[in-house]
Amino acid sequence: EDKPVVGLVMKSLANEFFQNMLEGAEAHAAERGDYELRAVGMQNETDFESQINAVENFITQGVDAIVIAPADSKAMVRPIKKAIAAGITVVNFDVSLDADAKKEQGLELAFVGPDNRGGAKMAGDALAQALGEGAKVVIIEGNPGADNATQRRLGFEDSVAEYKLDLLDSRTAHWETEEANQVFSTMLTAHPDLQGVMAANDSMAIGVVKALENAGRDDILVVGFDNVPAVGPMIEDGRMLATVDQFGQKMAADAIDLALEVVAGGPELEGWVKTNIELVTKK
Amino acid sequence: MTDHTTNTPNEGISMHRVIERIGIHNISLLVALVGLLVIFGVLRGDVFFSTRNLLNIGMGVAILGVLAISQTGVIVSGGLDISVGSIVGLTTVATAMTIQATDMAGLGLLAGIVIGGLAGLVNGLLITYGRINAVIVTLGTMAIFRGVAFILSNGQSISIFNDSFRWIGTGRILGLPAPIWVLIAVAIGFYTFMHKSIVGRNYYAIGGNPIVARLSGLKIPNYRVAIYVVSGVMAGVGGILLAARTGSGQPISGSDGLELEAITAAFLGGCAMQGGRGTVVGALLGVAIIGVLNNGMILTAVPTFYQMLAKGTLLILAVFLAEYRLNKN
Amino acid sequence: MPQNILTVSELKKHFGGVRALDGVSFSLTRGETHALVGENGAGKSTLIKTLSGAFPFDSGDIVLDDAPYRPDSPHEAKARGLQVVHQEFNLLNHLSVAENISIEAMPRTRFGILDRAEMNRRARAALDAIGLGDIDVRATVQSLGIAHRQLVEIARALQSDSSILILDEPTATLTERETKRLFDIVADIKSRGVTVVFVTHHLNEVFAICDRVTIFRNGKTIATEVIAETTPAAVVRHMVGRELATERNTYQNRDISGKCALSTHNLKVASNPHPEGLDIAVHYGEIVGIAGLVGAGRTEFLRGIFAADPIVSGHLARNGTPMVFRSPRDAISAGIAFVTEDRKEEGLILDMPISANVSLANMASVSGHGLMRFGLERQRAEDHRAKLQIKCGSVSDAASSMSGGNQQKVVLAKWLARTPEVLILDEPTRGVDVGAKAEIYGILRKLAQEGAGLLIVSSELPELMTLCDRILVMANHRIVGSVSRDDFTEEHILKLAYGQNGTEEGTIA
Amino acid sequence: MTTETRMLSAPSRRAVSVRAIINNAGIGLALLALILFFSLASEFFLTANNITNILTQITINLILAVGMTFVILIGGIDLSVGSVMAFAAVVAGKAITLPGLGVVELIALACVAGLLTGLISGLLNGVISAYWGLPSFIITLGMLNIARGAALHVSDAQTIYSFPFAFEEFGSALIYGVPVVFLVALLITLLAWFVLNWTVFGRLLYGIGNNEEAVRLAGHHVFWLKVAAFTICGFTAGIAAIIYMARLSISSPIAGIGFELNAIAAVIIGGTSLAGGRGSVIGTLLGAFIIGVLANGLILIGLNDFMRQMITGVVIIVAVILDHYRAKYSAT
Ligand SMILES: Nc1ncnc2c1ncn2[C@@H]1O[C@H](COP(=O)(O)OP(=O)(O)OP(=O)(O)O)[C@@H](O)[C@H]1O
Ligand SMILES: Nc1ncnc2c1ncn2[C@@H]1O[C@H](COP(=O)(O)OP(=O)(O)OP(=O)(O)O)[C@@H](O)[C@H]1O
Ligand SMILES: O[C@@H]1[C@H](O)[C@H](O)CO[C@H]1O
Ligand SMILES: [Mg+2]
Ligand SMILES: [Mg+2]
């Protein structure tokens, strides 16, 4: 009965990445059996308020730990600080809080998550190598205020620089499929000679692939990020070139494990607990 | 009847009527649309008028068009249906699951239409017999239908591998993509229904003044329920198109403000909030304006924020043209 | 042996605390024309609404064609052969005249599609039958004047075959000429065996066309009389429960040598087809009437003066000083008040309390520093309720809960509350009962006596002839004559209104 | 949508609005029932801490909804409030992070800048829709895009942060457990209630919603009255922006997406008619509470996200059905 309670705060459950993560977390809780999991998500990726509300509600419920993937790297600093002040162990995973904002609020908190910039560069490099130097590419970005979105854009830009690609356009679609579909459809019309697309996550990559199918184009290469189940077949049949697996289920499970260790009296986490990434291409 | 003085007002009235026949409002919308085409044509003449881009626009608005047209029917009757986006999501799931289970495209279509119709029936019954404001009911059912979709699909997207079904989303007839044909069919069907049929006329009566309509002996409850069922079925058609296009059923699809865009197109097209006014042609023009705007904006590659500024301004200008001229007359 | 087609016994219906019908009993024989009369709020319209299925009744019995009758909906009432023209307008303003006329049974083609040509043809025929040759059946109803709307409604009611036709104050918005035509129509359908129920406040109409009359008072039927065996005075006595003082309706000479309160010079409104506008002058203490046929342009002219609609050209002067009114607000601050023609569309805020309606044009008097003083507002409303004998449950009830005539009195109260220097009235006593009419006349006269200038448009010549010092006659947007009190005769005024140049035949309804 | 029953039941809206509270009894009952249910279902629900949470969480929606009530009462709608809030927040955010000014000046400047931004946006909505008689649905939808674009432009699509400490303190300050920001919202609500029920201005707004022509012919400046309603709504979006900043310590150009729908929902649940002319700000308060309590309570009892959405839908419909019966019985 006295099991510790872990509140897991995710982002948009419309994204398969988090759907998948949720399942993984539930399985993990069932498997370990020594803690109680309470998980919440958001309506959409820009709904910061509801994420803050979720944290506040967890404070009220007096959970032992909060494991959170912030929607905005700056906005979530204060509520997290409040949770820590309430004696709750907080683990920040997936999206790192903003370093400056943390410093300013006097908050020290470790980050559990992948090297987003490095990961994006892996995908970008794969694309560049397939297309060759000087190829025309575009980037579809995540939420401007989210640190991992920034890191992934930088990673793609690293590839652009290294392989002297021609970057035609770079726009946000706020991590969402439909928006990416619209944004990219028109990018395609504006730049019919486009050769490659770097999407900052798979949700948006799927939107891009659908747009390509509708336009009847199979000559444009797409890379994504996340390795959600839905892109598996796309990589197999060539509609996508590559994605980066960041092992979302494991990431969440690790973050929970780490949180529980601290709750059980272990040492505070520090710095960056890097999690695994891996380039996924056609086998 | 024969002398000069009596004919003057008469002539005034019939002149007025000639314009009215085409629809002053529609003429103005057409002007707005042509204006947009000219602007984008000049700015991006290279690609804007390419067949591919025009088809892109068409594909982009096919689903929206279906929804905007049926929304026009609902608004004319004095109601509003905010739940259509959710119904689209729900029907993509229902269709995908049916096809996954049976691999029969026809059953998938049936499932989409039946589920859409049932959802609409729920709306209609609650609004008519529960006597609740349509906005509230459909605001509520918007959440409910979305929830049902998630529960059915367990939050996952469901792939559709049936090729004949997917053809609905990607196939072409006479060079035009199938969804555009669907839109054309829906438009013609609704045009006949709203403007040529007796039942359609009665919707204008009910929306224009329900008290009068009742005193004239119309059975308003039946009409009300029916229009929401129609709206649900049309959302089902939208769902089928979406599922066929994306080759999957996704509980989340249709949640990105599709209903708002449909309502916007209807209002742009001349619907009045109070009901009793609005036309199918107007709705189509509204949809075209929105589609061209969205497409042209990205083509001209102005930064996102200027795009939004421009989109907002153009929307206002479009109604300004349409309504102000109307008021002046 | 006349056979009863409809028998109503002990019918009751209440709205909250108001007993609108408190034991109504009467019967209709087949083929008769039966008048219902009674003061404002006596319950006539309520009875008609229950008969037409618009709302249910509490208790009592109705027998229709020897079968019990308790309609759930207007649909059912129509199916049983009852057709009603209600007192308040019931047209769909955005639809065409033809569509309105055919709304109950639209003609269809073989394919079930609306047969527009046939619909227009039927509407044309229906309008021609009641003499409305000059209305375009494809025009929207909102482009019609109020009298035309009334006639369109009557045309609609005549569309379907019914055994009972109920007309609730159909003549309230009609001038003599249309009224006559309506009577011909009534005679015609009566000859076809249809029973006609006819509500009016004009007793002469009752005596002109009805066979019997049932008198209402306070929700009860007081008596049913055979017209041939009674007199107007007897009917009025039943209505008000006392003898009506007649001397109140006589004209009193006043001093009208006062200054010119309001004058127009070449004032032209948009609908005026002529190059030149209108010239009129109203002096302090004077009551000027404007007579004319429906569509003569009187309403538009008044609206132009008040800046309710923009004027095209011409001038307007108050106290001899030229003024430009950009909105009704300007007109009001210049001391003008305007009782509009259509109380439902322009006069009242139906959902708001009676007291709020009374103070609407005079918010300053019931507020201080922008704050409402509700006690004072109610007090003011009570004063007017007493003064105009407004019948209502409480002044905080919604305006929509009053009978038509009482609503009209509230509109009047709204403007009287400003004690205007110039009062413009468009059909001020439409739907007001005889007793109350006398009250209103008294009030208007008193106002003139106290020095105000009054400009009254009315389609009831007797009304103008009782009240006015001078009557201007309008036809086709021109003033075709000015008649002073000594020359007041209906013939004279009507002759002017119909015009001497013989062109008016098409202009008038 | 409601005109039909209007004629038959002839509602008598009382002027003095202590009655409004009674008129809202149906929604109030629904709210009470919810509270009762959640206190039984979750041990946390009635804790002081959670009550504080609920109050904080409804603050912004309540403020937006109060402004929205004005616009809906005159028969309009304002879809732009979410974007205008973001725009105002970004402008205020720029102001409050200006270098070289004292804390007090910064905060004052930010408030003025944010409120003015909201006010001007609302003014524009009002002037454009009232002057040319254009449907506010489209005009404010246009403003939704314009304000969002402006917010992205001004902020260069970046989140603005690093506000004075005192300002952030205000966002989380409590008085006896009641968030100060909620008190601000409550104050605004009371002010609005007062304005709508006790001033001539408020009376005329109701009048316009019912019969604009009658109000015009009675000599009132319908144009300015309508403009004022929209301006108030924009102004409250400005207030919401300041509160948003104080609460979140950031100004995000993508904040407030979809907030207009929540605000409209609160107003409608509170019994204000979309057709205009009928409703009350007390109803809006209750409507905002219903939405807030539901959102909070359903998380507390551990419902998953999709069930939560569904139940929210069901409760809203049921609350309004309840209200319908309340109105029916109190009328007879
Ligand atoms: N919907 C309603 N709600 C409340 N009271 C009503 C309603 N309709 C009518 N009444 C009341 O019922 C009584 C009868 O009204 P009714 O309209 O039948 O009078 P009437 O005889 O037709 O009068 P008028 O000659 O003025 O038209 C009035 O006191 C009126 O205030
Ligand atoms: N909105 C309108 N559009 C077109 N014609 C109109 C409109 N309003 C009125 N008319 C026409 O203008 C003429 C003048 O109407 P007006 O209402 O001023 O006449 P009136 O003398 O006041 O008669 P009454 O009020 O008794 O009908 C009529 O022929 C009428 O049908
Ligand atoms: O890392 C995650 C995923 O990449 C997801 O697709 C969007 O949100 C990010 O935070
Ligand atoms: Mg009556
Ligand atoms: Mg007139």
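It should be emphasised that the depicted structure is a prediction, and the values quoted were computed from it without experimental measurement.
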Set out, in order, the CA-CA distance, both residues' side-chain angles and the distance that settles side chain to side chain contact (heavy atoms under 4.5 Å, CB included) for D:Ile146 and B:Thr313, then state yes or no. CA-CA 7 Å; D:Ile146 294 174; B:Thr313 316; 3.8 Å; yes
Please report the C-alpha distance between D:Phe137 and B:Ile263 in whole Å, then the side-chain angles of each, then the deciding distance to 0.1 Å, and finally whether the side chain to side chain contact (heavy atoms under 4.5 Å, CB included) criterion is met. CA-CA 9 Å; D:Phe137 187 96; B:Ile263 296 171; 3.3 Å; yes
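Contact of D:Ile268 with chain B is made through backbone and side chain together, with heavy-atom distances under 4.5 Å. At a 4.5 Å heavy-atom cutoff, the contact between B:Ile151 and chain D is made by side-chain atoms alone.
To the nearest 0.5 angstrom, D:Met310 atom CE is 12.0 Å from B:Phe150 atom CZ. If you take CD on B:Glu261 and CG on D:Leu141, they are separated by 8.5 Å, rounding to the nearest 0.5 Å. From D:Leu79, atom CG reaches atom CG of B:Leu260 across 6.0 Å, with rounding to the nearest 0.5 Å.
In terms of heavy-atom pairs under 4.5 Å with chain D, the best-connected choice from B:Leu126, B:Val137, B:Thr264, B:Ile206 is B:Thr264. Most heavy-atom pairs under 4.5 Å with chain B: of the set D:Ile128, D:Leu144, D:Ile139, D:Ile77, this distinction falls to D:Ile139.
Side-chain contact between B:Ile316 and D:Ile138: absent, with no pair of heavy atoms (C-beta onward) separated by less than 4.5 Å.
A pairwise comparison of heavy atoms in B:Leu139 and D:Ala265 identifies CD2-CB, 3.3 Å as the closest pair.
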